[in-house]
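A short worksheet on the structure shown next.
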Number of protein chains: 2
Amino acid sequence: MKNYSRQREAIINVLRSTDIHPTAGWVYERVREVIPNISLGTVYRNLDQLSKSGEILSISVGDGYEHFDGNSSPHAHLHCRKCGRIADAPLKNDFLAAAALESGFIPDTSVYIVYGVCAECNAKEKEIN
Amino acid sequence: MKNYSRQREAIINVLRSTDIHPTAGWVYERVREVIPNISLGTVYRNLDQLSKSGEILSISVGDGYEHFDGNSSPHAHLHCRKCGRIADAPLKNDFLAAAALESGFIPDTSVYIVYGVCAECNAKEKEIN
DNA sequence: CCTAAACTAATAATGATTACTATTTTATTA
DNA sequence: TAATAAAATAGTAATCATTATTAGTTTAGG
């Protein structure tokens, strides 16, 4: 069903080495440092595959890019509207099930994104005014 | 700052009349029934504006489209991986603040999306097998 | 009525993502 | 260690949701 490829391994390694929740393009640039002639399509295909198999997480914050997270255990994301950063935040475990109680819906993953302004951007704002 | 326009009013009306969390394209088709020569760009611009001002909610489930929700009060969304439907689900109120406790992040909105399979799709699956 | 800011229709441009194709790699079996 | 089929890849072209542009129209306030 699924064969080994050093391209995929490199992609996973890059993802596991960061917590910035990168885009496909960012992953592509980093992987190129190891496999210079890797194709952008290969990066997209593998990220798609890995997120469908549950090994990684795919996150849409609505900034026009798909973001990826090597940590697929349940946690929330804090997305800063100003700098665009996506940070991790803890999440009570029983929440996923509780939210889906309704109507026979069978949950597998969840993405919880909190929009707002991060501490750093808030500090900069205060400096200016 | 913000002027009245009947295009924007029609867009809000369409959004408030449904709970399917439509895309810009869907809203466009519905508004055209009332204002036949409305421009798609106008729909996009207004939806963007309204979601930035907090009057509506913008939701990315990762299906390649941006979805919109006329109900901007905090609630979770159940996104079915098979039929693509997005349903509403209740959400404990204090959750938003709790998830953002960390590091001085100041939350404004949150989008909580649970991925899985809805009851209907699950029933169909059982019929087949 | 006048004016400036906000808005619109129509259309062109953008750019992230996906599709396609010929070639190469992987895993398996003899 | 060949032979083979499934899975992957590089490179490139195509897609299409969204954004930008522009000339003209509408709104609101004095």
Side-chain angles (χ1 to χ4, degrees), chain A residues 1-15 20-69 79 81 84 86 111, chain B residues 1-15 20-69 79 81 84 86 111:
Chain A
M1 184 95 215
K2 197 165 169 181
N3 279 352
Y4 170 84
S5 86
R6 87 198 171 89
Q7 286 84 346
R8 178 157 53 233
E9 185 161 60
I11 289 166
I12 293 173
N13 285 341
V14 164
L15 256 187
I20 66 161
H21 308 81
T23 63
W26 190 93
V27 172
Y28 174 60
E29 291 304 333
R30 295 302 294 277
V31 174
R32 279 175 73 180
E33 292 167 12
V34 183
I35 306 175
N37 73 325
I38 192 172
S39 169
L40 181 56
T42 297
V43 173
Y44 271 102
R45 183 165 22 77
N46 277 288
L47 289 173
D48 182 58
Q49 211 171 78
L50 289 164
S51 77
K52 274 179 180 151
S53 75
E55 290 176 74
I56 68 174
L57 215 61
S58 170
I59 302 166
S60 307
V61 293
D63 63 352
Y65 303 84
E66 195 68 18
H67 294 259
F68 298 91
D69 188 345
H79 170 58
R81 293 216 131 95
I86 302 173
V111 174
Chain B
M1 186 93 216
K2 198 165 171 182
N3 278 353
Y4 170 84
S5 86
R6 85 197 173 90
Q7 286 84 345
R8 179 158 51 234
E9 184 161 63
I11 288 166
I12 293 174
N13 285 341
V14 164
L15 255 188
I20 67 161
H21 308 82
T23 63
W26 191 93
V27 172
Y28 173 59
E29 291 303 333
R30 295 303 292 279
V31 175
R32 278 176 73 182
E33 293 166 12
V34 183
I35 306 174
N37 73 324
I38 192 173
S39 169
L40 181 56
T42 296
V43 173
Y44 271 102
R45 183 166 22 77
N46 278 287
L47 289 172
D48 182 57
Q49 210 171 79
L50 289 164
S51 77
K52 273 177 180 152
S53 76
E55 289 177 73
I56 67 174
L57 214 60
S58 169
I59 302 167
S60 307
V61 292
D63 63 351
Y65 303 85
E66 196 68 19
H67 293 259
F68 299 90
D69 189 345
H79 169 56
R81 293 215 132 95
I86 302 172
V111 175

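Residue numbers begin at 1 in each chain, while the letters A, B, ... track the order of the sequences.
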A:Val43 and A:Ala24 have their tightest heavy-atom pair at CG1-O, 3.7 Å

Minimum side-chain heavy-atom gap B:Phe68-B:Leu15 below 4.5 Å = yes

Under-3.5 Å N/O pairs linking protein and nucleotides 18-21 of chain D:
from	atom 1	to	atom 2	distance (Å)
D:dT18	OP1	B:Glu66	N	2.8
D:dT18	OP2	B:Tyr44	OH	2.4
D:dT18	O5'	B:Tyr44	OH	3.4

Could you tell me whether the phosphate oxygens of D:dT9, OP1 or OP2, come under 4.0 Å of any side-chain nitrogen or oxygen in A:Asn37?
-> no

For the pair made of CD1 in A:Ile35 and P in D:dA8, what is the distance, rounded to whole Å?
-> 15 Å

Whole-Å distance between D:dT27 C1' and B:Gln7 CD?
-> 12 Å

Can you check whether A:Arg32 reaches A:Ile38 side chain to side chain, under 4.5 Å on heavy atoms?
-> yes

Rounded to the Å, how far apart are A:Phe68 CZ and C:dA16 P?
-> 13 Å

When rounded to the nearest 0.5 angstrom, what is the spacing between CZ in A:Arg45 and CG in A:Leu40?
-> 10.5 Å

Is A:Glu55 paired with A:Arg8 through a side-chain N to carboxylate O contact shorter than 4.0 Å?
-> no

To the nearest 0.5 angstrom, please state how far the CD1 atom of B:Ile59 sits from the OG atom of B:Ser51.
-> 10.5 Å

For atom CD1 of A:Ile11 and atom P of D:dA8, their distance in whole Å = 12 Å

Applying ring-ring contact (aromatic ring centres under 6.0 Å, His included), name anything that partners A:His67, two or more places apart in sequence or on another chain.
-> none

Any Lys/Arg nitrogen of B:Arg6 or B:Glu9 sitting under 4.0 Å from an Asp/Glu carboxylate oxygen of the other?
-> no

Rounded interatomic separation in angstrom, taking CD from A:Gln49 and P from C:dT18 | 13 Å

Under 4.0 Å between a side-chain N/O of A:Thr42 and OP1 or OP2 of D:dA10, yes or no?
-> yes

Between the protein and nucleotides 22-30 of chain C, which nitrogen or oxygen pairs are less than 3.5 angstrom apart?
none

Atom OH of B:Tyr28 and atom P of D:dC16 are separated, to the nearest Å, by 17 Å

Atom CD1 of A:Ile59 and atom C1' of C:dA16: how far apart are they, to the nearest Å?
-> 18 Å

d(B:Thr23 OG1, B:Tyr28 OH) to nearest 0.5 Å is 12.5 Å

Atom NZ of A:Lys52 to atom P of C:dT17: distance rounded to whole Å?
-> 14 Å

